[in-house]
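Numbers restart at 1 for each chain; the letters A, B, ... are given by sequence-line order, proteins then strands.
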Amino acid sequence: MKRRIALSLVLAIALMSVFVAPAAAANPTVSITVTAEVVSITNTKATWGIGTVAVDAVVYFSTDGNQNDTWSQIENTGSVTVDVEIRGTNIEGGDYDWTLATAAGNQTYSLYANKQATPTVYDVEVKSSEYVDITAVSGLAASGTNDWSMNFTAPNEFHASDDGAEKSATITLVASKHT
Amino acid sequence: MKKKIAIIAIIAVAITCGAYFGIAATRSQTPYLESGFGIGESEMEFVANPGGYNVAYLTIINGHDMDRWVTVSLQQPGLNRLKDGYQPLPQECYDWFTLTGWDGEQPTLEPKVYLEAGEIREISIPVSIPSNTTFMNEPAQVMVQVTEVNPNAFQLMAVACKWYIVVVATPED
C-alpha cells in the first residue's frame, strides 16, 4: 500500500513537471480569460407582411401600416446590460433586387428605426454594411425592455417586370455586452 | 492521511494543467431561459504568441420554448462598439479560429448548431495563431455571433460575445 501511494506521488510529480516545464520555457501559448455572463434578448415580433406597396410608399411597422411607436418590444433576458444593434439586407425576389440605401430611389429602398427615447422620430438608418444601435439611451439593463419600430420607403422607380413580384428581406437584431 | 496526500497531488496536477492552458473562468449556476436563446460568455480576452494554440468554449443556451438551429460566425464590431484602444480584427485573421457546429448527434464542420428546447451546448473553437503572423502588438476586437436560423422570419435574433485579442512576441528563454 505504501509503495502504491509513493508510486502515485512520484507519478503525479512527474506529470506536473511535464505540464509546468513548457509554461516556464518559451513555448508559444494562447491564454484565454472568460467573462461568464449571460447575453440574451427576446423580441415580440418576428415577421412583417408589408403587402402590396405603391411606388415611393412609406409604410410603418404597425398593425395598420400607419405610424405606431410600440410595434415591437425587445426584452433583455440575460444577466448583463446589453446594446442592441440592427442590420438589414437588400430585398430579394422577382427579376431585380432592391438595394438598401440611405434614401429610396431607383431600385433602392430605405429602412429607418426609432428609439424608445424618441418614439416618433425614425432617425436610425438601418444599413447593410454595419450594425447600428437601436437601444434606448445607454444600453438595456437586465430584465429591461425597449419599444421600437421602423418605417419602410419603397423605391420611387422600379422595373416594370417586377410589378407584382414577391420580395423579401431580413433584418438581424444582435445583442452584446454594453460598451 | 495517505489518501488525502494522493488526492491533493491529483488536484495539484489538475490546477497546474488548467494554469498551463491559461483558461480562467468562473461559472455561476446554470441559467434558465424561458424563451429565445443566449450565450453564457459576454467577453473573452486572448493574449497570444505567434504559433500559439488553445481552444475557446462558447456556451449556447436555448430557451424552453422550442428546438432551434443557430449559426456561429465572426463579425466585425460596429465602430461605436469598439473598446478604447482596439481596432477591428482584420478579416484575413479570421482563419485563426475554426468554427464548428453540432447537428444534434455529432460535431460538424459547418458552424450550424442544433439545440433541443432547454438545451445548453458548449461548442469548442480552436484558436491557432500562425507562427509567421505580422499582426503583432495591435489590440483587436471581433464579435463571435450566434444567429438564429428561421427562413420564414423577417427579423432574426442574434447574440454576440466580444473577443479581444492581442498577439505578442514569444518570450525569450
Side-chain angles (χ1 to χ4, degrees), chain A residues 1-2 4-5 8-9 11-13 15-17 19-20 22-43 45-50 72 74-75 77-80 82-83 85-87 130-133 168-179, chain B residues 2 5-6 9-10 12-13 16-17 19-20 22-28 31 33-54 56 61 78-81 83 127 129 131 143 145 147 150 152-162 170-173:
Chain A
M1 184 61 184
K2 275 183 188 170
R4 201 179 290 170
I5 290 169
S8 64
L9 274 172
L11 192 64
I13 289 162
L15 271 171
M16 281 174 74
S17 66
F19 286 111
V20 169
N27 281 2
T29 61
V30 177
S31 74
I32 306 173
T33 305
V34 178
T35 305
E37 295 168 323
V38 177
V39 179
S40 173
I41 56 166
T42 58
N43 188 49
K45 304 281 187 185
T47 59
W48 186 26
I50 296 177
S72 196
I74 297 165
E75 180 178 2
T77 53
S79 64
V80 64
V82 296
D83 296 313
E85 294 173 287
I86 191 170
R87 189 175 184 174
E130 63 173 305
Y131 286 97
V132 290
D133 189 8
S168 64
T170 305
I171 60 164
T172 304
L173 292 172
V174 57
S176 59
K177 184 177 181 177
H178 176 56
T179 305
Chain B
K2 288 165 187 169
I5 292 169
I10 289 166
V13 171
T16 310
C17 293
Y20 170 70
I23 298 171
T26 52
R27 289 198 185 285
S28 53
L33 292 180
E34 186 76 37
S35 61
F37 66 99
I39 49 175
E41 299 82 15
S42 61
E43 295 175 316
M44 291 192 203
E45 292 183 22
F46 298 76
V47 178
N49 305 132
Y53 175 85
N54 204 339
I61 307 154
L79 292 180
N80 58 347
R81 293 287 165 264
K83 190 174 180 178
V127 179
I129 312 296
S131 54
M143 312 288 271
Q145 183 170 310
T147 309
N150 184 349
N152 300 318
F154 169 57
Q155 293 180 53
L156 296 177
M157 303 298 292
V159 288
C161 178
K162 294 176 174 178
T170 308
E172 299 294 325
D173 281 281

Side chain of A:Ser176, backbone of B:Cys161: donor and acceptor closer than 3.5 Å?
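No, the answer is negative, given that no donor and acceptor are paired below the 3.5 Å cut-off.
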Which heavy atom in B:Gly38 sits nearest to a heavy atom in A:Ser40, and how many Å separate them?
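Closest approach of B:Gly38 to A:Ser40: CA-CB, 3.8 Å.
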Looking only at heavy atoms, what is the nearest atom pair of A:Lys177 and B:Glu43, with distance?
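Closest heavy-atom pair between A:Lys177 and B:Glu43: NZ-OE1, 3.3 Å.
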[X] vs [Y] side-chain heavy atoms within contact, under 4.5 Å:
| X | Y | answer |
| --- | --- | --- |
| B:Met143 | A:Val174 | no |
| B:Tyr53 | A:Val30 | no |
| A:Thr77 | B:Glu34 | no |

Below 4.5 Å, heavy-atom pairs only: which of B:Gly52, B:Ala56, B:Gly51, B:Gly36 has the largest tally toward chain A?
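The answer is B:Gly52.
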Side chain, backbone, both or neither: which part of B:Phe37 has a non-hydrogen atom closer than 4.5 Å to chain A?
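Only the backbone of B:Phe37 comes within 4.5 Å of chain A.
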Region of B:Ile129 that comes under 4.5 Å of a non-hydrogen atom in chain A
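Just the side chain, heavy atoms under 4.5 Å.
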With respect to chain B, which residue among A:Ile171, A:Val132, A:Ile41, A:Val38 yields the maximal number of heavy-atom pairs within a distance under 4.5 Å?
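The candidate making the most pairs under 4.5 Å is A:Ile171.
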Let me know which of A:Asn43, A:Thr47, A:Thr170 forms a side chain to side chain donor-acceptor pair (under 3.5 Å) with B:Gln155.
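For B:Gln155, the side chain to side chain donor-acceptor pair (under 3.5 Å) test succeeds with only one of A:Asn43, A:Thr47, A:Thr170, which is A:Asn43.
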Mind checking what makes side-chain contact (heavy atoms from CB on, under 4.5 Å) contact with B:Ser35, not counting sequence neighbours?
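side-chain contact (heavy atoms from CB on, under 4.5 Å) list for B:Ser35, sorted by chain: A:Thr42, B:Asp65.
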Applying side-chain hydrogen bond (donor to acceptor under 3.5 Å, both in side chains), run through B:Glu45 and A:Thr33 and close with a yes or a no.
CA-CA 5 Å; B:Glu45 292 183 22; A:Thr33 305; 5.3 Å; no
For B:Glu41, which of A:Val34, A:Val39, A:Thr35 qualifies under side chain to side chain contact (heavy atoms under 4.5 Å, CB included)?
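Option passing the side chain to side chain contact (heavy atoms under 4.5 Å, CB included) with B:Glu41: A:Val34.
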For A:Thr172, side chain to side chain donor-acceptor pair (under 3.5 Å) partners two or more places apart
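Expected list: none.
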